[in-house]
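Written out below as structure tokens is the structure these notes cover.
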Number of protein chains: 2
Amino acid sequence: MNSDYSQKCGIPEFQHSITGKWKITIIWALSIKTLRFGELHRQITGITQSTLTKQLRELETDQIITRYVYRQVPPKVEYSLTNKGKTLIPILKELNNWSIKELS
Amino acid sequence: MNSDYSQKCGIPEFQHSITGKWKITIIWALSIKTLRFGELHRQITGITQSTLTKQLRELETDQIITRYVYRQVPPKVEYSLTNKGKTLIPILKELNNWSIKELS
DNA sequence: CGGTATCCGCGGGGATACTG
DNA sequence: CAGTATCCCCGCGGATACCG
């Protein structure tokens with residue numbers, strides 16, 4: 001164990017931010033543009049409404065995304081990446097590159 | 001969803017490599033030097049023998065580490081990072097940096 | 001439309017005992 | 001020393017039903 005890591009390792013925190021069956025997919029979708037709940041639900045095939053809600057709440061708690069409610073009927077809710085969330089994108093791209101490189 | 005990601009995203013694969021309560025810790029320990037089973041067990045406080053074994057087997061399957069058995073009594077088994085495993089280190093350092101930066 | 005509430009099944013990880 | 005074998009618990013995610 002060397003100094004940097006043992007004294008304060010942030011990796012578990014990072015992992016928490018993206019751990020969840022659909023979080024990466026959600027983050028990626030929102031990296032393109034802000035989306036409504038229903039739009040996310042349609043884009044992410046296979047996820048249930050309740051699970052989508054749970055994952056969104058967790059991402060919100062971790063301040064990766066924001067939730068904006070339009071006070072109207074019928075309801076309209078928009079999700080978008082926070083600045084913190086946006087800093088994840090280049091990291092995710094690197095992880096993706098690593099996988100592509102190491103799988104060959 | 002843009003091209004790179006939707007066509008072939010390697011992030012789930014990456015996640016699999018490091019998903020497990022102790023894998024990052026194990027990888028980090030082995031990044032310093034090759035270690036015997038008992039040495040790992042002593043360095044990683046809180047992990048049980050059986051769990052350590054399981055995590056090591058998974059890392060081995062994913063070709064992140066190698067296992068070398070000395071044919072002797074008492075047994076001696078050494079674990080070390082593969083080349084693939086070593087390429088993870090710079091990535092992990094970046095993840096660590098991200099966390100440190102974004103937690104402030 | 002965008003949720004909640006509830007129940008349930010599965011798998012990861014821990015505890016413990018035993019072993020070549 | 002370095003495991004294996006069992007058993008168990010808990011939390012995540014899915015299914016389903018209902019709601020303002």
Side-chain angles (χ1 to χ4, degrees), chain A residues 9 11-30 33-62 64-82, chain B residues 9 11-30 33-62 64-82:
Chain A
C9 173
I11 297 178
E13 189 100 13
F14 170 85
Q15 274 187 295
H16 185 257
S17 300
I18 61 162
T19 293
K21 190 170 175 184
W22 307 94
K23 283 188 188 169
I24 303 269
T25 310
I26 293 170
I27 293 168
W28 201 265
L30 294 180
K33 66 190 190 88
T34 294
L35 291 172
R36 295 181 61 174
F37 184 85
E39 294 174 324
L40 271 171
H41 194 197
R42 260 170 272 122
Q43 283 200 17
I44 305 174
T45 53
I47 196 172
T48 60
Q49 251 186 0
S50 60
T51 300
L52 177 55
T53 301
K54 284 179 203 168
Q55 303 263 309
L56 288 169
R57 293 292 174 277
E58 289 180 23
L59 287 167
E60 202 188 350
T61 301
D62 289 341
I64 306 299
I65 66 173
T66 51
R67 177 171 181 268
Y68 185 75
V69 182
Y70 291 82
R71 295 238 152 260
Q72 62 178 54
V73 180
K76 174 178 173 180
V77 180
E78 282 187 347
Y79 293 92
S80 39
L81 290 186
T82 59
Chain B
C9 174
I11 297 178
E13 189 100 13
F14 170 86
Q15 274 186 295
H16 184 256
S17 301
I18 61 162
T19 294
K21 191 169 173 183
W22 306 95
K23 283 187 187 169
I24 303 268
T25 311
I26 292 170
I27 292 168
W28 202 266
L30 294 180
K33 66 190 192 89
T34 294
L35 291 172
R36 297 181 59 175
F37 183 85
E39 294 174 322
L40 271 171
H41 192 31
R42 260 170 271 122
Q43 283 199 18
I44 305 175
T45 53
I47 196 173
T48 60
Q49 252 185 359
S50 59
T51 300
L52 178 55
T53 301
K54 285 180 204 167
Q55 303 264 309
L56 288 170
R57 292 293 174 276
E58 289 181 23
L59 287 166
E60 202 188 349
T61 301
D62 289 340
I64 306 299
I65 66 172
T66 52
R67 178 171 179 268
Y68 185 75
V69 182
Y70 290 83
R71 295 240 154 260
Q72 61 178 52
V73 179
K76 173 178 174 180
V77 179
E78 282 187 345
Y79 292 92
S80 39
L81 290 186
T82 59

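Order of the sequence lines sets the chain letters (A, B, ...), proteins ahead of strands, with each chain counted from 1.
Within the 4.5 Å cutoff, no side-chain heavy atoms of E60(A) are placed close to those of T66(A). Side-chain contact between L56(A) and R67(A): absent, with no pair of heavy atoms (C-beta onward) separated by less than 4.5 Å. The shortest distance between side-chain heavy atoms of T19(A) and T19(B) does not fall below 4.5 Å. Q43(B) has its side chain out of reach of H41(B): every pair of non-hydrogen atoms, C-beta onward, lies at least 4.5 Å apart. Two residues are said to be in side-chain contact when any heavy atoms from C-beta on lie closer than 4.5 Å; F37(B) and L52(B) meet this criterion. Residues W22(B) and I44(B) have side chains in contact (heavy-atom distance under 4.5 Å, counting atoms from C-beta outward).
Within a 6.0 Å sphere centred on CD of E13(B), other residues, nucleotides and ligands contribute 12 heavy atoms or fewer.
Of the residues T82(A), I64(A), L35(A), L59(A), the one that meets the side chain to side chain contact (heavy atoms under 4.5 Å, CB included) test with L30(A) is L35(A).
For R57(A), taking side-chain heavy atoms from C-beta onward, the closest of the listed nucleotides dG3(C), dT4(D), dA2(D) is dG3(C).
Atom-to-atom, CD of E39(A) to P of dG3(C) comes out at 13 Å; the value is rounded to the nearest Å. Counting to the nearest Å, the P atom of dG2(C) and the CD atom of Q43(A) are 13 Å from each other. dG3(D) atom C1' lies 16 Å from atom CD of E78(B), rounded to whole Å. Rounded to whole angstrom, the span from the CZ atom of F37(A) across to the C1' atom of dG2(C) amounts to 6 Å. Per the geometry, NZ belonging to K76(A) stands 13 Å off C1' belonging to dG2(C), to the nearest Å.
Between the CD1 atom in I24(B) and the SG atom in C9(A) there is a gap of 7.0 Å [rounded to 0.5 Å].
Proximity of residues 64-73 of chain B to DNA chain D (heavy atom under 4.0 angstrom from any strand atom) is restricted to R67(B).
Checking the phosphate oxygens (OP1, OP2) of dC1(D), no side-chain nitrogen or oxygen of Y79(B) falls inside 4.0 Å. Contact annotation: R36(A) side-chain N/O to dC1(C) OP1/OP2 distance is not under 4.0 Å.
Here the shortest heavy-atom pairing between E58(B) and K23(B) reads OE1-NZ, 2.7 Å.
Helix bend of the helix from dC1(C)-dG20(D) to dG20(C)-dC1(D): the angle between its two end axes, each built from five pairs, comes to 50° after rounding to 10°.
Under 3.5 Å, the side chains of T51(B) and T48(B) contain a donor-acceptor pair of N or O atoms.
Two residues, R42(B) and T53(B), neighbour DNA chain D, and the one matched to the more 5' nucleotide by heavy-atom proximity is R42(B).
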Protein-to-nucleotide contact annotation, 5' to 3' order, nucleotides 6-20 of chain D [B base; S sugar-phosphate only; - none; under 4.0 Å, heavy atom] | -------BBBB---B

